[in-house]
Each structure stands twice: as C-alpha cells, then as structure tokens.
J.: 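I'd like to ask some things about the structure below.
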Amino acid sequence: MRSKYKLGDLITQRREKNNEIGLPISGVSKDGLIPPKQIDADTSIYNIFYRKDFIFNPARMELNSIAFNDKYDKAICSSLYEVFYVHRTDLIIPEYLALIVKQNWFTRYCEFLGQGSAREYCRFVNISEIEIDFPNIEIQKKIVYCYNVINKRITIKQRINDNLEATGLAIFKEKFSSPNDGFDEIPLYDLAEYINGTSFSEDEYSSDGLPIIKIAELKDGITSATQYFVGNKDPKYLIHDSDVLFSWSGNPDTSIDAFIWSHGDGILNQHTFRMVPHNGVAFTYFMLKFCKPEFVKAAMGKQTTGLGHVTVKDLKRLTLPFNEETAVSFNQAAMPLYEQIFKNLKEINALIELRNQTVQMLSIVYH
C-alpha cells in the first residue's frame, strides 16, 4: 500500500532565529552540509536547525542542494537559507525523504517551480506543492537501511584508498623530494607522454557507442548525463581500465588532479591528458599526485572566470629530481598499492551501481 501526499502536508518550515553563542555554523552544497564561506558574519540573524532537519538555499535549487542534517544536534545557517522538518513522521521518515529530495526529477521540478525576474527562487512554499508517492514506514526503513549499509561500505573503501595513496606519496616523497647523488633535475614533461583528449562536433554525439570522458566522468563515473560517441578518432584518444588520466583544466581546487580510470573503455575529451608512462604506471600516478600542489598553483595563476589551466609550458618548467634506476625501483614497490587502489575503485563502482538500484526502489510518482 502506497500513499500520495503533497510535501506541504508532511513538512513544516522552521522559523527559529539564533540567540546563542558558540553553535556550529554550516553552509549547504549539493554534497550536504559544508563549512560556511563567511565566518565573521552577524550570526544573531542566522537560522537554527536541528538533527533531521532539511536546509536549502532557495536561489540554488538547480544544484540539488537540499541538505539533510544527520551531523549536528543543533546548529545555525545563513538567514538566506530555509529550514524545514518532517512533522508527519507517522507517514514518512526523514531519512527516506532525504533520498527523495536528492533525485534528479526533484531537482528539475524545483527548477520548474522557481520564480523571479533577475534570479529565480524556489522557496518552501513552492516545494510544498510537490506531490510524492511512497510506501509504508517498514518498507521505507528497509530501503534506508540498505542504502546506508552500501554507503558505509563505499566510505570504507574510499578511506582504504586514501591510506594507500598516502603511503605511496610518502615513499615517493622520500625518494624524489630532493636531489641525491646521481639525480638530475628533469622536466615533468620529459617523464611521460601527455596525450591531450580530442574535441567532438555535434554530429559525433550519439545515444550509444563509446562514453566521452570529461571531468564529470573522472569524478562521478558514467552517469545518465554522460554523452557518447560513434565514429572514427585516432586510437591515441581511447582510454581503458587502469589508465592514468590528468585533468589539466578547471577549478584549481577541485578539478586539477590525477585519476586512475576504472569505468571501462571510453574516449577522452579535451582538457585531460592520457598519460603514457616512461617509467611505469605507478611512478607516473604518484608523480602527478606529488606535484599536485604545484599544478594547482600554476592553474591559479591563470584563472579566468573561476577556471585555471596547467599548460605544456608549465610541465616543461616544473622539474623533479630524477634517477631512472630509482624510478624503476619505486614503480616496482608501488605497483601493489596502485593495483589495490584500482581494485577498490572497481568495487566502489559496483557498490554505487547497487546503491542506484536501491534508490530506484523509491518508485516516486510526481507531477
């Protein structure tokens, strides 16, 4: 037995202003609660929210930025944000609603409901009109439980990879951070082959074929937003599992980075290098990770409209103390780390697919 209600029949807007000192301050993004951008503001006008409350920015609904608070017992957020909570917990549990509001259809519907001239706002009163369809409480709890178990496993695997990467970087730093006898300062450009991705014309896009790998795919894998290519391109643009990719363009803080590809065959879009190692794949990956701070600095120096670039000129300017014998030895020692990171990435991909299937069990009906 499923139920259909307007959100406004299930949720209530919280309108409580801050009158305390020392409460945690939080911002909101598509990834949930984040540190605030402004920490020296007058917090007396901030909104209070509690555990299991929902917080969102009415001007940024297109970013899927309704955050569910499962972190703080009590905290505050900007007065620009709106806060609501579930008052009909006999019908729908907050954790289940948190899954619903993160669905793509919900974001699109919020965009449709937005009102304004210079800037559109989707406020509490607007989203209250959205109708949702959901099962009984016991089924909701089972879906939420499955979702959380999968998420926990993903988090564990990601932490393992963080530790493996930190171990590899520590060894790399010990070997290559300063010159030793028999070492030469070699430009990064000479330590691998950097093959830039290709561009695509409108008639080359397709509904099937090879996935086109852009920065979004490097971060999130193959999704419903991924575009596909059918046609003929130089084979040098093809990428495969376990290849090292280096994104050299984008937001310096979030996009300039090295990645181990783990989503099968694809074709590389411009603004990313496919790395052809000269000294082994593990050496190349950890070299790029080790040099990331320099890449970010270089990209920041060329930022336009928030984007920055690492150029071939930068790669020829930046050097590394290098000895071929040491590089070969490091690659041999680091390969088990690299292979385990890749193996964990493949498992994370499978878990994300399982999580997506769990979310599909929501079977939401809306209009």
Side-chain angles (χ1 to χ4, degrees), residues 157-158 160-162 164-165 167-169 172 188-200 204 208-223 225-250 254-292 295 309-312 314-315 320 327-328 330-353:
K157 284 294 178 179
Q158 289 171 335
I160 291 173
N161 272 2
D162 289 343
L164 291 169
E165 184 177 298
T167 300
L169 279 173
F172 191 95
L188 299 183
Y189 189 75
D190 294 340
L191 294 177
E193 185 178 356
Y194 298 75
I195 299 177
N196 192 30
T198 185
S199 59
F200 299 87
E204 290 180 314
D208 54 14
L210 284 175
I212 299 172
I213 310 308
K214 303 179 182 179
I215 184 61
E217 283 70 33
L218 296 182
K219 293 180 177 180
D220 302 324
I222 308 300
T223 69
T226 298
Q227 296 174 299
Y228 289 82
F229 162 81
V230 171
N232 295 311
K233 293 282 189 183
D234 192 312
K236 69 180 182 180
Y237 301 125
L238 299 179
I239 59 173
H240 311 284
D241 269 350
S242 198
D243 281 351
V244 177
L245 306 178
F246 175 40
S247 172
W248 56 265
S249 178
T254 60
S255 297
I256 306 297
D257 206 350
F259 300 85
I260 301 175
W261 182 246
S262 61
H263 299 278
D265 292 350
I267 186 162
L268 192 61
N269 189 61
Q270 56 189 344
H271 305 309
T272 301
F273 290 122
R274 178 174 73 85
M275 304 298 298
V276 180
H278 290 173
N279 303 283
V281 66
F283 172 86
T284 301
Y285 177 71
F286 286 108
M287 175 192 75
L288 294 173
K289 285 290 187 181
F290 177 74
C291 295
K292 180 179 175 178
F295 295 145
H309 309 282
V310 178
T311 65
V312 169
D314 293 320
L315 295 171
L320 184 79
V328 171
F330 169 83
N331 186 74
Q332 184 176 3
M335 272 305 295
L337 299 175
Y338 185 91
E339 290 170 347
Q340 188 59 54
I341 292 173
F342 172 74
K343 182 179 178 181
N344 289 340
L345 287 173
K346 295 294 286 187
E347 184 171 342
I348 289 171
N349 296 342
L351 287 167
I352 290 174
E353 177 60 29

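Only heavy atoms go into these numbers, but all of them, side chains included; no hydrogens, no water, no symmetry mates.
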J.: Would a 4.5 Å heavy-atom cut-off, applied to side chains only, mark Tyr338 and Thr284 as touching?
T.: no
J.: Do Ser262 and Asn349 have a side chain donor and acceptor closer than 3.5 Å?
T.: yes
J.: Within a strict 4.5 Å, meaning less than it, do heavy atoms of the Leu337 and Thr167 side chains meet?
T.: yes
J.: Just checking, is any N or O donor in the side chain of Gln227 or Lys214 under 3.5 Å from an acceptor N or O on the other one?
T.: yes
J.: Without hydrogens or angle criteria, can the side chains of Thr311 and Asp314 be said to hold a donor-acceptor pair below 3.5 Å?
T.: yes
J.: Is the shortest heavy-atom distance from the side chain of Ile213 to the side chain of Leu268 under 4.5 Å?
T.: yes
J.: Under 6.0 Å from the CD atom of Gln332, do we count more than 12 heavy atoms belonging to anything else shown?
T.: no
J.: Are the aromatic ring centres of His240 and Trp261 under 6.0 angstrom apart?
T.: no
J.: Testing the 3.5 Å rule here: is there a donor-acceptor pair between the side chains of Asn196 and Trp248?
T.: yes
J.: Mind checking what makes side chain to side chain donor-acceptor pair (under 3.5 Å) contact with Ser242, not counting sequence neighbours?
T.: none
J.: For the side-chain contact (heavy atoms from CB on, under 4.5 Å) test, which of Ile195, Asp243, Leu245, Leu288 pairs with Met275?
T.: Leu288
J.: Taking all heavy atoms of Gln270 and all of Ser199, pick out the closest pair and write down the distance.
T.: NE2-CB, 3.7 Å
J.: State, without any angle test, whether Glu217 and Thr226 hold a side-chain donor-acceptor pair at a distance under 3.5 Å.
T.: yes
J.: Over all heavy atoms of both residues, which pair between Asp241 and Phe342 is shortest? Give the atoms and the distance, please.
T.: CB-CZ, 3.7 Å
J.: Does NZ belonging to Lys343 count more than 12 external heavy atoms closer than 6.0 Å?
T.: no
J.: Distance check, rounded to the nearest 0.5 Å: Ile239 atom CD1 versus His263 atom NE2?
T.: 9.5 Å
J.: Any chance the rings of Phe172 and Phe286 have centres within less than 6.0 Å?
T.: no
J.: Does Lys157 have any side chain to side chain donor-acceptor pair (under 3.5 Å) partners at least two apart in sequence or in another chain, and if so, which?
T.: Asn344, Glu347
J.: With a 4.5 Å limit on heavy-atom distance, are the side chains of Asn161 and Gln340 in contact?
T.: no
J.: With the side chain counted from C-beta on, respond yes when Cys291 and Leu188 share a heavy-atom pair under 4.5 Å apart, and no when they do not.
T.: yes
J.: Just verifying a value: how many Å separate Ile160 CD1 and Glu165 CD, rounded to the nearest 0.5 Å?
T.: 14.0 Å
J.: Can you see which heavy atom on Ala282 is nearest to which on Phe330, and at what distance?
T.: O-CE2, 4.0 Å
J.: Taking the side chain as everything from C-beta on, heavy atoms only, tell me whether Phe246 gets closer than 4.5 Å to Arg274.
T.: no
J.: Between Leu164 and Ile341, does a side-chain contact (heavy atoms from CB on, under 4.5 Å) hold up when you go through it step by step?
T.: CA-CA 7 Å; Leu164 291 169; Ile341 292 173; 3.7 Å; yes
J.: Does any part of the side chain of Gln158, heavy atoms only, come nearer than 4.5 Å to the side chain of Ile348, both counted from C-beta?
T.: yes
J.: According to side-chain contact (heavy atoms from CB on, under 4.5 Å), who are the partners of Leu210, at least two apart in sequence or on a separate chain?
T.: Leu238, Asp265, Ile267
J.: Apply side-chain contact (heavy atoms from CB on, under 4.5 Å) to the pair Met287 and Leu191, showing each step before the final yes or no.
T.: CA-CA 9 Å; Met287 175 192 75; Leu191 294 177; 3.7 Å; yes
J.: Indicate the atoms forming the closest heavy-atom contact of Tyr228 with Gly209, along with that distance.
T.: CD2-O, 3.4 Å
J.: On a heavy-atom basis, which atom in Ala192 and which in Pro277 lie closest, and how many Å separate them?
T.: CB-CA, 4.5 Å
J.: Does Asn232 CG have over 12 foreign heavy atoms under 6.0 Å away?
T.: no
J.: In the structure I gave you, are the side-chain heavy atoms of Ser247 and Asp257 within less than 4.5 Å of one another anywhere?
T.: no
J.: How many angstroms lie between atom CD of Glu339 and atom CD1 of Ile260, to the nearest 0.5 angstrom?
T.: 10.0 Å
J.: When rounded to the nearest 0.5 angstrom, what is the spacing between OG1 in Thr198 and CG in Asn269?
T.: 8.0 Å
J.: Answer yes or no: are there more than 12 heavy-atom neighbours, outside Tyr194 itself, under 6.0 Å from its atom OH?
T.: yes
J.: Is it possible for you to check whether Lys233 lies under 6.0 Å from the centre of the six-membered ring of Phe200, through NZ or CZ, and within 45° of that ring's axis?
T.: yes
